[in-house]
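Because only heavy atoms are used, hydrogens play no part in the values below, and waters and symmetry mates are left out as well, while side chains stay in.
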Amino acid sequence: MANVTTTKTIYELVLEISENKIISPTIPVDITIGEAGILHQNAIEDKAELLAKGVSEDSINELPLRAKFLQERQSIWTAVYQSALTSNKEWEAKINEASQLHRELKFDFKFAYRNHPDILKKLQNILRGSGHMNLIQDMSDYYAFAKQYPEPLATILFDTTKIDRSKQLSHELHELMNRVNGVKNSKKRPEKQLRDKAYTYLKQLVDEIRAYGKYAFWDDKEKQKRYSSEYIRSKNKRNNKLTEINN
C-alpha cells in the first residue's frame, strides 16, 4: 500500500486531483464522513491484522484528516447550494408542504401499525434520516408502504388522498430540484468542484482500506461487514423491497 506521508497539505493534494479523476458523491456526504469515522475506529481495532497485510499506519491515521477536510468543503458548498434553493419560492412552498405531510403521515402510520410490531419495525426505515433528499424519498416510500400494508390503515379510516399527494410531491420535488440545480448550481462552480475533489480524496483511501480489510478477514463474515458500507447494504435491501412491492 502506498505511503501517504507527504510534506504537502491536504488542500494542495486535493487541488492536484484532475477533473477526469473526480468522483461525484453516490452516497450522502454526511454519511460518507460518518462511515469513514467508523472505518477509522475499526481499522484501529484491527490494526495488527491490517498492518500485516500491507496497510501503513499513516494511512489509518490519515482517514479522520481527510474526513474533516471533506466536512469543511461540504459546509461551504452546502451554504452556496442552500442559498440557491431557498431563493426559489416554488421549492420552499413544496418542501414545507412535504414536511407537514411527513409529520402527519408519521403519526398516522405509527398509530395504524401500533399493534403490528413486525410492520412497525419495517416502518422505521422511513422514519429514520433527515434532510431534503431523505424527505423526498420518504414521500415516495410512504405511498409504497401503504400499498403493501393497507389493512391497518383502513381500520383507522385513513385518508388515502394523503399518500397520493405524497407520491406526487416526491415527483414534483425531484423535478424541481433538478431544474434548480441545472439553473443555479452549475457543476463548474468552484465550491462544488472542490467538495467533489475532497470526496474523491477521502473515497480513495476508504476504498483502499476496505479492500485490505476484506482481504485480511476474507474468512470472517462479521469482520467483512466492518469493511463495507452499511448505507449501501441498507439501500440495496430497501430497493429490493420496493421492487417487490411495485412488481
Side-chain angles (χ1 to χ4, degrees), residues 23-39 66-110 121-146 162-163 165-187 189 191-200 202-203 206 229-239 241-242:
I23 303 171
S24 295
T26 54
I27 296 177
V29 172
D30 59 334
I31 291 176
T32 298
I33 294 169
E35 288 194 342
I38 294 172
L39 177 62
R66 295 194 189 192
K68 183 175 184 294
F69 184 80
L70 173 57
Q71 187 175 43
E72 293 168 352
R73 296 302 123 188
Q74 174 68 4
S75 295
I76 294 171
W77 167 239
T78 298
V80 173
Y81 181 73
Q82 290 296 334
S83 176
L85 290 181
T86 55
S87 67
N88 188 295
K89 292 182 180 180
E90 185 180 1
W91 168 268
E92 280 297 308
K94 290 188 185 298
I95 206 70
N96 287 337
E97 181 185 355
S99 297
Q100 178 58 37
L101 183 56
H102 188 284
R103 291 183 62 213
E104 294 179 21
L105 291 174
K106 175 181 177 180
F107 285 101
D108 286 337
F109 278 46
K110 288 178 72 174
K121 185 177 181 180
K122 297 176 182 178
L123 181 63
Q124 295 304 314
N125 291 329
I126 299 178
L127 302 182
R128 295 193 191 100
S130 61
H132 290 156
M133 287 303 297
N134 189 77
L135 176 61
I136 294 171
Q137 182 62 49
D138 285 352
M139 288 293 97
S140 176
D141 289 351
Y142 271 123
Y143 177 88
F145 200 89
K162 287 185 179 181
I163 58 169
R165 179 54 181 157
S166 73
K167 182 180 180 182
Q168 184 181 14
L169 267 175
S170 180
H171 289 308
E172 290 174 354
L173 286 167
H174 267 301
E175 293 175 1
L176 182 56
M177 176 172 277
N178 289 335
R179 189 163 75 246
V180 171
N181 286 351
V183 174
K184 297 182 178 295
N185 296 292
S186 167
K187 292 181 180 179
R189 290 203 65 136
E191 300 92 348
K192 184 177 187 302
Q193 277 200 323
L194 190 54
R195 191 288 304 271
D196 287 353
K197 286 186 177 184
Y199 173 86
T200 301
L202 174 60
K203 188 177 187 303
V206 165
S229 170
E230 173 65 27
Y231 176 85
I232 293 296
R233 291 201 304 274
S234 298
K235 183 179 179 180
N236 288 339
K237 288 181 182 178
R238 191 178 195 178
N239 288 342
K241 287 180 182 178
L242 290 176

Enter the distance from Ile232:CD1 to Ile31:CD1 here, rounded to the nearest 0.5 Å. 9.0 Å
Expected output: side-chain Gln74 to main-chain Asp30 donor-acceptor under 3.5 Å: no
Between Arg66 and Leu202, the two heavy atoms sitting closest are CB-CD1, 3.8 Å
Distance, nearest 0.5 Å, that separates OH of Tyr199 from OG1 of Thr32: 4.5 Å
Does some side-chain heavy atom of Ile23 sit less than 4.5 Å from a side-chain heavy atom of Asp196? no
Evaluate the side-chain proximity of Ile163 to Lys167: yes if any heavy-atom separation is below 4.5 Å, no if none is. no
Is the shortest distance from a Lys or Arg side-chain nitrogen in Glu172 or Arg165 to a carboxylate oxygen in the other one below 4.0 Å? yes
Regarding Glu230 and Arg233, does a basic nitrogen lie under 4.0 Å from an acidic carboxylate oxygen? yes
Is it true that, when you exclude Lys106 itself, more than 12 heavy atoms of the residues, nucleotides or ligands shown sit nearer than 6.0 Å to its NZ? no
Please give me the minimum heavy-atom distance between Ala98 and Leu173, naming the atom from each residue. CB-CD1, 3.9 Å
Val206 versus Ala36, closest heavy-atom pair with distance: CG2-CB, 4.2 Å
Is a donor from one side chain sitting under 3.5 angstrom from an acceptor on the other, for Gln137 and Asp141? yes
Main-chain N/O of Ile136 paired to Ser170 side chain as donor or acceptor, under 3.5 Å: yes
Looking at side-chain heavy atoms only, is the closest gap between Leu169 and Glu97 below 4.5 Å? yes
In the structure I gave you, are the side-chain heavy atoms of Glu35 and Ser229 within less than 4.5 Å of one another anywhere? yes
In Å and rounded to the nearest 0.5 Å, what is the CZ to CG distance from Arg195 to Leu70? 7.5 Å
Rounded distance (nearest 0.5 Å) linking atom NZ of Lys162 with atom CZ of Phe109: 9.5 Å
Would Arg73 and Phe69 count as a cation-pi pair here, with the cationic atom under 6.0 angstrom from the ring centre and within 45° of the axis? yes
Once you measure the plane-to-plane angle for His132 and Trp91, does it fall in the parallel (<30°), tilted (30-60°) or perpendicular (>60°) bin? perpendicular
Donor-acceptor side-chain pairing of Ser75 and Gln71 below 3.5 angstrom: no
Using a strict threshold of under 4.0 Å (side-chain N to carboxylate O), is an ion pair present between Glu72 and Lys68? yes
Would you please test Tyr142 and His102 for side-chain contact (heavy atoms from CB on, under 4.5 Å) and show each step? CA-CA 9 Å; Tyr142 271 123; His102 188 284; 3.7 Å; yes
The reported gap from CD in Glu104 to OG in Ser99 (rounded to nearest 0.5 angstrom) is 11.5 Å
If you round to the nearest 0.5 Å, how far is NZ of Lys94 from CG of Leu176? 7.5 Å
